[in-house]
Each structure stands twice: as C-alpha cells, then as structure tokens.
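First the structure, in the form of structure tokens, and then the observations on it.
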Amino acid sequence: MFSSKEQFKETFLDKLNGMFGKSLEEASSMDRYMALGAAVRNHIARKWVKTNERYLYKGERQVYYFSIEFLLGRLLGANLLNIGIRRFCQDALGELGIDLNELENLEADAGLGNGGLGRLAACFLDSMASLSLPVHGCGIRYKYGLFEQKIVDGYQMELPDNWLKNGNVWEIRKPDKAVIVRFYGTVRMEARDGRLRFIHENYKPVLAVPYDVPVIGFQNQTVNTLRLWSAETVSAEQGLEYSDLNRCKRLENIQYQYDVDAISEILYPDDTHYEGRVLRLKQQYFFVSAGLQSIVRRYKRKNGTLLEFADKIAIHINDTHPALVIPELMRIFIDEEGMGWEEAWQITVNTVSYTNHTILPEAMEKWPVEIMHHLLPRIYMILQEINERFCRHLWHSFPGDWDKIHQMAVIADDYVHMAHLAIAGSYSVNGVAKIHTEILKKEVLKSFAQTYPYKFNNKTNGITHRRWLLQANPNLARLISRIVGDSWLYHPAYLASLRRYSEDAAFREKVAAIKLANKEKLARHVRNKYGITLDPHSLFDVHVKRIHAYKRQLLNALHILDLYNRLKENPDLDIPPRTFIFAGKAAPGYYLAKRVIKLVNTLAAMVNHDPRIRDKLKVVFLENYSVSLAELIIPAADLSQQISTASKEASGTGNMKFMLNGAITLGTLDGANIEIREEVGDENIIIFGLTADEVLQYYQQGGYRAWDLYHSQPRLQLVLDQLVNGFLPAPGEEFRVIFNSLLHDNDEFFVLKDFFPYAAAQETAGRLFADRQRWGRMAIHNIAHAGFFSSDRTVSEYAVGIWKINPVVIGDPYMVGMDRR
Ligand code: 26W
C-alpha cells in the first residue's frame, strides 16, 4: 500500500520522469496515463510474485482456462478499484491538477473478443482472482482486436483496431519463456528401443512468446496471470537447435515472416459462422500448443514425473476453439514423454473440461480433414487414432447402429468434428444456462448425453458485479453500500437485503435520481458525438449486443416502424416518450445483419426528423459497441431488450448486467431470461412470445406460414410493404433482402410470428413505466435479485463441481513459513 498521498505522488512523478524524461508540466495526458499504469503495476508486482509462490508451494490443483477470446475492456479503473486505491489516487492526482477520469478514458479497450464468450472469460478472470482461486487464463495477444465500427451514411464500416499503438502498460513480455510451435512437415515413424517413435520433420517453426497480464483480485492478496501468446519468427538468439535454425534459412524469409506475423495479427470478427480457414486453425493450435508446453514444462520442473498430472492440473476449454488441447496433450505425453496410449488418454480425459456456448449449427466447428492433415500432420494421426478407438467404444453402447456411430464420430465425411472431440476427450461438458443445457442433452447432443450422462452439467453464466455495478455505476453502488453495508461486494447474494427497500419511497427516489443522472450522462455523450438531443425523462429502451438474425434487432425495428405509423395516425396515442437505443457490431461478411444496421439508421433519420412525433420517439444507433460503451449505456437503461428467438440464445449475459443496474427485462423465454424470471418473479419482468418448445416443434413441422400472417394482419402488412415501397428514406431496393428473409424464406427466426405479442409487451412496458412508483419497485427488485448472476457464484460452481479446487489463501498452516519471508 502507498503509505501516503505524498509517497504516491512521488512514485507517480518518478515514473513520469523515468519513463518519458519529462516533468509533470511537459507530460501529455497519455504520458500521465502510462506513468500511472506503470506505478500501479509496480505496486502489485510483489503480490503477483507471491501469489505464484503460494500456488507452487501449496502444490494444489491449478486450473488453466483456455479461450481464444478475452474481452477485457479497459484495466486501469478496474485495477484501482480491486486494489482498493481508486479514491486515494483520484484525490492525490487531483492535488496535482490531474483528472483520473480523463486518464482512464485514454486507455484503449483490450477488445480481444467478439461478444458474449469473450466477455464471459474476462468476467471469470475477475471472479477467479477475487475468490483466490488458482486459475490462470491462456489466450492470444492479437495485435488488432475486434474492428472499430464506424457508421457512414447509415452503413457499417470496419476499421482496424490498433489498440497497441501506444503500448500496453499491463503486459510483461517474457521472451525467456518462449516455446516453439511446429506447423506443416511430415511424420516419420521409427522403431527405437522396442517402441514406435514419431518424428515430426521438415516443419515450419513458430516462436510463441508469452505476454503476462496481472489479474488482480478484489481487495485480497491474489494476483493471477493471464498469459497471452504472440507469434514471432525464430532466430539464432532464441537458442534454437541447429536443425531448426537451418530450416529457417531454407525457408523463403519474407514469406516466412509474413506467415508467422499473421498468426497473432487479428481476431476473427465472426462469432456466428465458423469458417474453415487455415489461419484460424493455426491460431487455435498456436496458443493451445504454446500453453500446454509451458504448463507441462513447469509441472515437470516441480514434480519430476507426470503421474499425478490430472490431479494437479485442470485444463478448461472455452467452447471448442481450444479443443486441440486433447490431441496436443496426447502428443506431448506420447511423443515427448514416452507414455503409452492408454495411460496418456486417461490422464488427458481426466484433465480436460469443456463449455459449450451455442447450439447454432452454423457455429459448430468442423475442420476439413485435408487442412488438418496438411497443417498438423502428427496431430491428425492422433485424431485418427482417437476416432477409431472412440467409434469402437461407441459400438458397445450402440451395437450395430452404424448411423448413430457415424453421427457421433470425431472424424466423419472428411471433417473433424470439434464438439465431438471435446466431449470424447473431457470429463465434463457444461452448458451455460438451464434451458441451454437441457437442449444440449435432449436435442443437439442427445446421443452423447445418453452415452456419458455423468459428463453433462449446467453452469449458468454470470457477470462480475464489481465491473458492472461498482465501477460502471459508482453512485448506485455507493447508495447500496450506505443502505445495506458493503458486504455485497464480497457476497453478491447479499444484494437481496435491498428487497424490502423497494417499499421505501425515499429510497426509490434516490435510485430514480441516480438513474436520471446516468441517463443525462449518456444523453450528453450522444449530443456531443451525434448532435442528437435525447430527453432523459423518456423511457430509455435499449437493445445492445452483436447484430444477428436470431437476436432479432429486426423485431425491434419493425415495431418502431409500426409505432411510428400509429403515432402519425393518432398523434394523441397514449404512450410515454421513448428513446430507442441500439448498438452492436455485425460480422463484416454478414450481409443481412449489416442491412439491419442500415434499417435502424434509416428509421432514426426518418423518426428523429419528423416534427409531428418528435417528442414521443427518438431512435439512435451508437457506433462501435465495446466494453467501455456498455459501461456508459447499461447504467442508463430503463428497459433491457433480450428478445432472441426462444432456444437460440444459449444464455446471454447482457441481460444480467442490465438487471443489476435496475433495468427491467423485456424478453423471450430464452437463455438466462428464464432464470431471471425465476429470481425476480413474473411481476418484475416482461415476457412474451413463443417458447423454445414451440419453436422447436415448428422447426420439426418445417416452420409456419409467414405469408398467412402478412395477408391477415394489415398493420404488419403495412410495415412490411414500407420496407420495399419507397416509404423509407433510403435507396430503392435497400431492404428487399430483409423483406425476402421474412416472407420468401419463411421467417426462420419467427419475427412476424412474435410481432403482436411483442407489440403487446412493449405496450405493457410503456404502461408500467408511466407508473413511476411501480417501475421504481420493479427496478429495485431486479437489483436485489441480481446476486445470483454474479460470476462469483458461477465460478464457485465451476471450482466445486468441475475443477475440484479450493481457494488458496494466506494464513493456511502450510503457508506460515513462507508468509514471513
Ligand atoms: C465462428 C466460430 C464461433 C462460433 C461461436 C465463434 C464464436 C462463437 C461463440 C460461441 C459465440 C458466443 O459468444 N456465444 C455466446 O456465449 C455467451 C457466453 O456463454 C452466451 O451468453 C451467449 O448466449 C452465446 O451466444
């Protein structure tokens, strides 16, 4: 801890002088931000080292969480809060005439993720460190994060996200811990000492260099590590074997450099359609192999043998993207450690656990055998062996049922099926919300659940309440702590003690005042950036998330058009003034999603400029949705739109962030919405639309008849016609594809089918909002019941139910000697 403000200021100024050779007056804001970051990093350095020592000496099981995405956002504010010195720094910097908020806003978001899956990994890191759990992250240090979205003339444009251009104060490069990952080449078999050896030759070596980022627990002694790997060319200094060096020389140098750089260059911006691109597979194997090599190396240094590996190490894979951990572990055990197949397999299966995040068939990863074979020849051999043994095993469960075995195979029809690999090669498979896990067990992975019922389990997602309430909504956090104390920060379930305050009118007023201030802050941002004036007293109706057909931004848009029509027909229509707020990125190649963005922007242009309805409706699309923008938007929301086609959204986590900030959910019975309803009760959530069972039933029947609805519902017909009859201020055929997806392609996502139930739910929302006392009660109920959705709860469930690990804390008898050092 800094002993005084004076000492802190001295440290900060020393950093500024040392790093930039500048005085306070000369230093730019960016210099100041960097100096502050470096001071904070130094401040926790000792704790970081001590945490690792503790883990080492204690010798209990450690977990490695492998994820191809970590959507961290900014770190300065979160780190200061977790260390417990944010206030202190703010005051001390204030005395130097520096605004801490300004410095915090200079930090580039670490946007190393697309959406839910990546942000979940980031929330988990925070909870794992805060619960003193020995879990480390393993991922890729992308040079470019998720693209920056610009809206030009209503269309999405993608710009590179050069987030490292000013450097990254939070990372430490560890070149001495680099390892070599091998691609391409051939495998030679050789009998030596009575054993068959596999020798990988003529491969292209890539140097994987780790960058470690500290993950600071909330006001405890834990600093865990997120290790991100960066790809570099191998050179003589790296102490390469002679043969490797020779090989590099033989390679076309420029091409080699280019190929290597590409590996950790960009994050794939598509989280909906898997793409069988070689580069993506390279990325996956790159961080998997690097991570495992460093884990095994470290383990062996401590333990000598690998006999107890599965007792001491757990590897968790976040979706199937890191599923190559399974054959790669087998390769290391067999080829490098000389183990037999059976023993290696047993250790591997007992080490790996897997989370599934989606049931969308187009997102299920499968790799063409050809690509796998060419890029990773030895891994492919192992996959073939895994497949053969797995199919033989299935034969016992389903004797004679070739169809079933074919359906379940790891390799079939010239593809490697990654989910099948992940299930066969792990001891635990979990879904991310109750309904999602049920659908996995009963539909998508039914045969697997029959074969391995003991592997399947549910772990409903969660979010870190520290970032999403304490940090994003400091005034609400302070109010809560004043009323019920601050133990909710450590035990989020204690938020429940707020429940009875929903009946306290004075408290409701305070909560409402904070909400209003948050809305004013967002309105200021919108005004400064877009020149659009929002009424902070209007209902802020918010739909922010990736743009995807199943998330149904289109349903929201069509309803706005319908509302506009009705308002024009009857300007006295009794609805509270509403501000529709959208944000979200579409995958660059996702044509339909991009048209939906254009549609929303077209509606905004039309509605916002119509003097007749101006004060009743506003529509804004905020560009470049990111963690930082979410932190601004979510605390300002009244209504949280979670309107996916039932069965399609595995869980959703935005829904949880909104309720924690006192927004009311308007949603379908999908993902975690179902559990939110269970927590808050029917009267504190607005539910509408088809259920998952109904949707699945329709699919079995080949859908419903969208045209019938069109012909029988004039209101709907009008809206649909307006998409294509020149009514909207956009080029002629602009929205024909949307029209066609609804009518000619028969509305795969039930937008029209759910339209009237949705409109009715929206009316209910408006009515409830108009009753401010009622709405205030609902808001408080939502906050009070959000504790369950803290990632502290989720991560504890993983720790107990899957990983079987305990917190590692100071004060444990084992540690006494060490703590005194
Ligand atoms: C293109 C390959 C691909 C496929 C799927 C890339 C990324 C994915 C992810 C699994 C998509 C994703 O982010 N899924 C979301 O995961 C969240 C965390 O569990 C859930 O809350 C969301 O419902 C789910 O869509």
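When a ligand or atom number is given, it counts from 1 through the structure's own listing order. If you read the sequence from its start, that first residue is 1, and numbering goes on from there.
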Note the single closest protein heavy atom to [atom], along with its residue, its atom name and the distance in Å.
atom                    : result
atom 3 (C) of ligand 1  : H321 NE2, 3.7 Å
atom 12 (C) of ligand 1 : L117 CB, 3.8 Å
atom 5 (C) of ligand 1  : D271 O, 3.7 Å
atom 25 (O) of ligand 1 : E649 OE1, 3.0 Å
atom 15 (C) of ligand 1 : H357 O, 3.9 Å
atom 20 (C) of ligand 1 : G652 N, 3.7 Å

> Does the side-chain contact (heavy atoms from CB on, under 4.5 Å) test come out yes or no for I371 and L281, once each step is laid out?
Replying inline: CA-CA 9 Å; I371 291 184; L281 188 61; 3.8 Å; yes
Test your reading of the structure: does [X] have an N or O sitting under 3.5 Å from an N or O of ligand 1?
X    : result
S651 : yes
R280 : no
A363 : no

> Is there a salt bridge (Lys or Arg N to Asp or Glu O under 4.0 Å) between K585 and E158 once you walk through the steps?
Replying inline: CA-CA 9 Å; K585 295 176 182 177; E158 299 103 26; over 6 Å; no
> Only one of V432, L117, T355 clears side chain to side chain contact (heavy atoms under 4.5 Å, CB included) with D319; which?
Replying inline: L117
Numbered atoms of ligand 1 (with element) below 4.0 Å of [X], judged on heavy atoms:
X    : answer
D270 : 1 (C), 6 (C)
A650 : 23 (O)
V432 : 19 (O)
Y550 : 25 (O)
D319 : 10 (C)
H273 : 1 (C)
N461 : 18 (C), 19 (O), 20 (C), 21 (O)

> Do Y427 and Y454 have ring centroids that are under 6.0 Å from one another?
Replying inline: no
> How about H316 and Y64: are their ring centroids closer than 6.0 Å?
Replying inline: no
> Nearest heavy-atom pair of P322 and F287: which atoms, and what distance?
Replying inline: CB-CZ, 3.8 Å
> What pair of heavy atoms forms the shortest contact from E649 to S644, and how long is it?
Replying inline: CB-OG, 3.3 Å
>> Taking ring pair (Phe, Tyr, Trp, His ring centres under 6.0 Å) as the criterion, tell me which of F755, Y699, F688, Y550 meets it with F750.
In response: Y699
>> Under 4.0 Å between a side-chain nitrogen and a carboxylate oxygen: does that hold for R74 and E631?
In response: no
